[in-house]
Structure formats: structure tokens, C-alpha cells
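The structure appears right after this line, and notes come after that.
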There are 2 protein chains.
Amino acid sequence: MSVSIKDVARHAGVSVATVSRTLSNGPVSEETRRRVEDAVQATGYRPNLSARRLRSQHTQTIGLVVSDIRNPFFTAVSRAVEDAAYHAGMRVILCNTDENPDREELYLRLMQEERVTGLIFAPTRTTCEALDRFDLDFPVVLIDRAGPPGLHDAVVLDNAGASALLIDHLAAQGYRKIHGLFGNTSTTGAERHDGYTAAMHRHGLQPDAVFIAPQAAAAEAHIAALLTTPDRPEAVVVSNGQLLLGVTRALRAAGLSMPGDLAVAGFDNETWTELVGPGLTVIEQPVQEIGASAMTMLFERLERQDLPVRKIVLSGRCIIRGSTATRG
Amino acid sequence: MSVSIKDVARHAGVSVATVSRTLSNGPVSEETRRRVEDAVQATGYRPNLSARRLRSQHTQTIGLVVSDIRNPFFTAVSRAVEDAAYHAGMRVILCNTDENPDREELYLRLMQEERVTGLIFAPTRTTCEALDRFDLDFPVVLIDRAGPPGLHDAVVLDNAGASALLIDHLAAQGYRKIHGLFGNTSTTGAERHDGYTAAMHRHGLQPDAVFIAPQAAAAEAHIAALLTTPDRPEAVVVSNGQLLLGVTRALRAAGLSMPGDLAVAGFDNETWTELVGPGLTVIEQPVQEIGASAMTMLFERLERQDLPVRKIVLSGRCIIRGSTATRG
DNA sequence: ATGACGATTGAAAACGTTTACACAAAAATT
DNA sequence: AATTTTTGTGTAAACGTTTTCAATCGTCAT
């Protein structure tokens with residue numbers, strides 16, 4: 001079987017306590033420290049983290065529950081979270097919920113069983129509202145989607161503001177009929193929709209938006225249909241990368257071009273948005289910072305349970321590209 | 001503090017052993033089973049996985065060590081691995097090495113301390129060769145990059161074969177001067193290079209390849225320089241998605257088009273490859289299957305330690321798009 | 001009635017750590 | 001020199017489970 005701290009102790013001729021102390025930089029004489037370190041080398045000892053966690057009651061583990069790691073937004077956030085975690089000597093347990101409340105519940109329970117130190121969570125609307133039902137005994141930081149205010153720490157984008165940036169830009173470029181396409185499963189879509197509506201009104205324009213499933217295929221079908229209508233919009237704004245993908249595909253399939261046939265702008269500065277057609281005008285989310293802030297927020301909460309509930313709102317950056325060039 | 005099995009036992013008026021048996025579907029009377037289940041409900045008990053793992057000596061944990069989760073290839077593979085793992089009641093520990101051997105070593109040690117049940121690993125060339133130095137006491141399945149044959153189970157792409165598909169296609173389209181660009185950190189790049197060279201020879205063509213760091217910027221710089229040389233190649237083949245990205249950027253920056261100025265083909269069917277210019281001809285890797293196979297392979301190995309070492313070689317699919325249209 | 005047997009149960013010993021406590025020896029203070 | 005303090009160490013008790021072992025209680029065949 002695996003070599004334990006006892007074997008090291010025997011090999012070094014000291015007690016297990018001394019070995020433990022040596023490993024945790026406790027008070028030991030220079031002499032024994034060397035003896036123990038030699039013994040560790042000789043035996044190839046590796047501490048057993050399960051035992052350590054059990055005894056110390058510190059799991060040094062943080063949970064990360066997102067909808068789908070394949071979504072580039074969450075990929076980037078995860079990477080930031082993991083970097084911060086490993087840097088702080090913690091592990092990460094990652095779970096994909098696919099926006100399915102049942103799986104969210106399942107994984108929340110798992111987090112309890114793992115006795116995670118803290119949780120970073122991007123919940124669906126459903127679970128978000130019922131989050132206190134679970135009375136979790138570790139702090140939670142919500143990302144991307146915030147729940148009812150004042151209940152949990154959160155790091156989110158200024159969604160309404162970002163939408164406004166896009167509308168302002170489109171309006172300045174001379175577009176009037178701007179269609180909106182928003183995801184219907186998260187609070188994010190709703191907020192971006194609200195920002196869109198407000199900005200449209202501010203410019204004296206008539207909002208015209210729909211909510212659809214946040215998948216490329218849905219957007220593609222929707223846009224394909226839209227393009228055949230008598231008075232098609234001049235521009236379209238969409239609320240995430242998947243929808244943006246659908247729109248791009250629809251235009252391509254129809255052999256139409258941006259911005260001539262339809263101007264396009266949306267959320268998520270994915271790799272490809274700079275490469276397709278004249279380049280897509282998008283909101284770049286500070287993905288790395290979202291992950292990092294969530295972690296520091298979590299750590300601060302762990303240090304001081306009594307901190308007031310905070311919500312960090314980060315701004316998106318509008319990257320202007322050819323897909324919204326002046327209507328000509 | 002957290003509620004333990006003792007509390008449940010007290011609440012149900014039975015011994016802890018009985019509670020444990022109830023939870024693991026052991027032999028208990030219908031009567032006590034109900035009593036225990038009620039007690040679990042009432043107390044809100046959740047088993048402590050650290051304790052369970054320590055006592056049972058089964059961590060139900062698999063390690064997944066890849067270079068960077070942000071690489072879409074690994075994102076997809078990870079998702080497949082995680083699905084399989086959670087389906088089998090196991091959790092996953094994910095680590096990003098950034099192709100850095102020091103971090104690989106660090107994480108391999110971590111895996112030992114976690115006492116993982118098994119490991120799925122995409123190693124750099126360096127670590128790959130020195131893998132037995134670590135004498136890990138759990139089975140390892142290599143993915144993407146195979147080590148020296150016969151030492152570890154592995155799931156890889158038929159890299160040489162896939163390269164050949166690309167060259168055959170380009171040759172058939174009339175291209176003669178086909179430049180090759182390959183990543184220099186993994187065995188994958190080397191294998192794809194070998195396939196390229198062999199295929200070129202088979203067609204009576206002169207190979208002309210270089211190895212570079214597998215980052216977009218490197219490829220972009222290289223291609224930018226290449227484009228100014230007196231006799232520039234007619235086509236270029238590159239060994240992964242990052243390089244493909246660099247090539248695309250370089251052409252775009254120079255205002256050149258595919259395939260007119262340069263035909264392009266490469267590995268990894270990332271989202272954007274269908275959308276840029278006339279579409280990029282690429283090798284699609286069976287990403288989902290790579291992850292899934294790795295897991296079943298690992299499970300089979302766990303059941304039978306004495307199984308012969310196996311290497312699953314999957315074929316890539318060549319997706320032909322406009323970037324390699326007939327030279328004309 | 002007797003013994004054997006199956007079904008349930010509890011007591012207690014692990015699993016590999018950390019840590020409270022006690023204690024000796026050495027060093028520092030009076 | 002007598003005391004206090006510091007320093008280093010070992011013993012043993014946790015942490016929350018699972019699992020071995022033995023014990024109890026019916027039931028059933030003899």
C-alpha cells in the first residue's frame with residue numbers, strides 16, 4: 001500500500017507528530033528537520049489529502065458550477081478561477097449544469113458533501129431564486145447572473161450599460177430599425193433586453209425584440225425567417241456569442257453581407273468575431289477579471305463572514321468593427 | 001458544526017454502523033431503514049466525502065491534466081471526460097499545465113496526494129519521456145499525445161494519416177509548393193509533420209516545413225514574413241487551431257485572400273473555421289469520442305490491471321471548404 | 001426441546017492526518 | 001543557585017466514515 005506518515009516517522013526515528021510538524025513548517029530542530037526530509041525523500045512519501053482535509057476540517061476546495069464549460073465565456077472564467085485557486089493552494093471542482101435546474105440541485109448537494117470552502121456559481125433563473133432553500137454552509141459568489149439583490153455576493157457585467165453602448169453606436173451610424181434577439185434562460189438576457197429597450201427609447205426609436213433559446217440554431221432559424229419579411233430590420237443586436245454565431249450563419253447561408261444587408265452587433269468577443277466578414281462589432285466582457293474578482297471576493301468573504309453583501313459590476317468594452325459600418 | 005453520521009444515529013436511535021449500512025443499501029430491516037431515512041431528512045445530513053474517501057481508500061476521483069482548457073480541443077475533451085466521470089459517480093480534478101514541464105511535475109505530485117483513482121493526461125514531450133520516473137501508483141491514459149509505445153494506454157488521432165488527407169487533397173487541387181507549419185512542444189506536431197513529409201514525397205513534392213511555438217502570434221509573424229519572400233508557397237498546412245488562427249490573421253492583415261494568394265488547410269474544426277473567408281479546409285478531430293474513450297479505457301484498466309497496454313487510434317475527418325479550392 | 005442458521009444489529013478498530021497536552025532539557029532570568 | 005521561560009519532542013485524542021467481528025433474536029428442521 002501507499003506510504004504513510006508513520007513510515008516516514010519510523011524511517012527518521014521520530015514520532016508522527018514531529019513529521020507532521022516538519023511538513024507544516026512547525027517548530028523542529030534543524031537536525032530533525034533534515035532527518036525527516038531525508039526520510040520523506042527515501043520513502044517517497046506524499047501526504048494524503050483526504051486524511052488531511054478530514055482532520056483539519058479545511059478542504060481547501062472551491063466549487064465552480066457553470067452551465068457549460070464549452071461556452072467560451074465560461075471557459076475563460078474557469079481558467080481565471082482555477083489559476084487563482086491553485087495559486088492560493090486550493091483545488092477546484094468543476095460542474096456543468098447545462099442550465100438544468102435538476103442538475104444544479106444535484107451539484108449543490110455534491111458541493112455540500114465535498115464540504116467546499118466556497119462556491120462560485122452561475123445559476124439559472126429558477127435556482128437563483130430558490131437558492132436559500134438549500135441553506136448552504138459555505139459562502140457563494142454568483143457570477144454572470146445575479147440573484148435577488150442583497151442575498152449573495154456577485155460579479156456581473158453592466159448588462160444594460162453594455163446594451164446601451166451597442167445601441168448608441170448603431171444609432172450614431174444611422175441605423176433606425178434595430179431588431180433585438182435575447183436569450184431566454186438567464187437573467188442576463190433579460191437585463192440586456194432592458195438596456196436595449198431603454199436605449200432605443202432614448203433615441204426615439206421603436207424597440208422590436210424577441211427572446212429565444214440561447215442556441216445558435218434558434219437564432220439562425222429566426223434570422224432566416226426575418227430576412228424574408230417585407231420590412232426587414234436594418235440592424236440586429238444579439239445577447240450572446242451563441243446567438244451571434246446563428247446570425248452569422250444565417251447571413252452566410254442566404255448569401256447576404258454585413259452591414260449592407262444587415263448590420264450586426266452583439267455580446268462576447270469570441271476569437272472568430274474579428275475574422276468573419278468585415279469583423280463583428282461586439283461587447284468584450286472582462287472574462288479574466290470576472291473570474292479573478294469572484295475569487296478575491298470569495299476569499300474576502302471567507303475572512304470576514306460579516307462583510308456586507310457586495311455586487312461588483314464590471315463594464316463591457318465596445319469593440320467596433322465593420323459589421324456596423326455607416327449605412328451606405 | 002456540520003451534522004455527522006453520529007447525529008443521525010442518535011436521532012434515529014440506532015448505531016452509526018446501521019446508519020452507514022442504510023446509506024450504502026446494506027442489510028437493514030424495513031423498519032430501521034425508514035427511521036434512518038427520516039433522521040437524515042430531519043437533520044439535513046450530508047455524508048462527508050473526505051471521511052468516506054479516507055476510510056474506504058477509494059477516492060472516486062480522476063485527474064485530468066491538460067495544457068490549457070481554453071484550447072477548444074481540450075475544452076471539448078474535458079467536457080466529455082467530466083460527463084463520463086460524473087455519470088460513473090466520480091469527480092474530476094482539472095489542471096492546466098500551459099505546456100510547462102515544471103507545472104506538469106507539480107500537478108503529477110498533486111495527483112498522488114489526491115490519491116486519484118486514475119489519470120488522463122496530455123503531456124509535453126519532455127514529461128512524456130520521463131513519465132516512469134514518477135512511478136505513479138494509479139493508471140494513466142494519455143490523450144492527444146502518446147508516449148514511447150507500450151508503456152501507457154493512450155487515445156490519439158491518426159496524425160500522420162490526417163496530414164496525408166490534407167496533402168492528398170491539396171495535391172489533387174493542383175497545389176505543388178505546400179509549406180508546413182507545426183507546433184514544437186508536443187509529439188502531435190512531430191507526427192503531423194512526419195505525415196506531411198511522407199505524403200509530400202509520395203506525390204513527388206518537395207517538403208518545406210518549420211516547427212514553431214504553438215501560438216497564434218508565432219504563426220502570424222512567420223506567415224507575414226513568408227508572404228514577402230520571392231517565391232512564396234502556394235499553400236500552407238498547419239498543425240493546430242492556434243496556428244490556423246495566426247495564419248488567418250496574417251492574411252487578413254496583409255489584405256490577401258484564400259485560396260487566391262495562399263491556400264490554407266489545417267487541424268481542428270473550430271467554430272470559426274466555417275465562417276472565415278471561403279471557409280477553411282480542416283481536419284475534424286473526434287473530440288467527444290477521444291474523451292469518452294479515454295474514460296472507458298481507464299475504467300477497463302482499473303478493472304483489470306493485467307490488461308495489455310493499448311493504444312486507440314482514431315481517424316480524423318477531412319472537411320473540405322473554400323480555402324483550398326482549385327488553383328485558378 | 002435442541003441445534004443450526006439467517007437476518008439484524010452494535011461495539012470497536014481502522015483509515016492517515018493534525019493538534020492539544022504533557023514533559024523533558026536547555027536557555028534565560030532572577 | 002534557583003527560578004522561569006523557551007524549545008523540541010512524544011503520546012494520544014480527535015476528524016467522520018466503513019467494515020470486521022461478535023452478539024442477539026427468531027425461525028426452522030431435526
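Proteins get letters first, then strands, A, B, ... in listed order; numbering begins at 1 in each.
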Quiz item: If each of His58(A) and Ala51(A) is mapped to the nucleotide of DNA chain C with the nearest heavy atom, which maps nearer the 5' terminus, i.e. the 5' end?
Solution: Ala51(A)
Self-check item: Shortest side-chain distance from Val14(B), nucleotide among dG16(D), dG10(C), dT18(C)
Solution: dG10(C)
Exercise. Classify the nucleic acid contact of Ser24(B) as base, sugar-phosphate or nothing, counting any heavy atom under 4.0 Å across all strands shown.
Key: nothing
Quiz item: How long is the line joining CG of Leu54(B) and P of dG16(D), in whole Å?
Solution: 12 Å
Quiz item: Which pair of non-hydrogen atoms, one from Arg79(B) and one from Ser67(A), has the smallest distance, and what is that distance?
Solution: NH1-O, 4.3 Å
Exercise. Check every strand shown and say whether Arg46(B) touches a base, only sugar-phosphate, or nothing at a heavy-atom separation below 4.0 Å.
Key: sugar-phosphate
Quiz prompt | Asn48(B) CG - dT17(C) P separation (whole Å) | solution = 17 Å
Quiz item: Taking the side chain of Ser29(B) as heavy atoms from C-beta outward, which of dA11(C), dT8(C), dT9(D) is closest to it?
Solution: dT8(C)
Quiz item: Picking from dT9(D), dA11(C), dG16(D), which would you name as closest to the side chain of Ser15(B)?
Solution: dA11(C)
Self-check item: From Ser50(A) atom OG to Arg115(B) atom CZ, the distance as rounded to the nearest 0.5 Å
Solution: 8.5 Å
Practice problem: Please state how far atom CZ in Arg10(A) lies from atom P in dG10(D), giving the value in whole angstrom units. | Solution: 14 Å
Self-check item: Any donor-acceptor N/O pair under 3.5 Å between dT17(C) base and Arg52(A) side chain
Solution: no
Practice problem: Have a look at Leu131(B) and tell me which of Leu142(B), Leu151(B), Thr126(B) forms a side chain to side chain contact (heavy atoms under 4.5 Å, CB included) with it. | Solution: Leu142(B)
Quiz item: Gln57(A) has a side chain; which of dT18(C), dT9(D), dC15(D) sits nearest to it?
Solution: dC15(D)
Quiz item: Looking just at side-chain N and O atoms, do Thr61(B) and Arg91(B) make a donor-acceptor pair shorter than 3.5 Å?
Solution: yes
Quiz item: Which is true for Ser4(A) with a 4.0 Å heavy-atom rule: it touches a base, it touches only sugar-phosphate, or it touches nothing?
Solution: sugar-phosphate
Quiz item: With respect to the phosphate group of dT9(C), does any side-chain polar atom (N or O) of Thr18(B) fall under 4.0 Å of OP1 or OP2?
Solution: no
Self-check item: Euclidean distance, atom NZ of residue Lys6(B) to atom P of dA11(C) [Å, nearest integer]
Solution: 13 Å
Self-check item: d(CD1, Ile5(A); P, dG16(C)) in whole Å
Solution: 11 Å
Quiz item: Counting only side-chain N and O atoms of Thr32(B), is one of them less than 4.0 Å from OP1 or OP2 of dT8(C)?
Solution: no
Quiz item: CZ of Arg55(B) versus C1' of dG16(D): gap in Å, rounded?
Solution: 11 Å
Quiz item: dT18(D) C1' sits how many Å from Tyr45(B) OH, rounded?
Solution: 11 Å
Quiz item: Side-chain contact, heavy-atom cut-off 4.5 Å: Tyr86(A) with Arg103(B)?
Solution: no
Quiz prompt | Whole-Å gap separating C1' (dA14(C)) and CZ (Arg53(B)) | solution = 19 Å
Quiz item: Looking for any heavy atom pair under 4.0 Å, which part of the strands does Arg21(B) touch: base, sugar-phosphate only, or nothing?
Solution: base
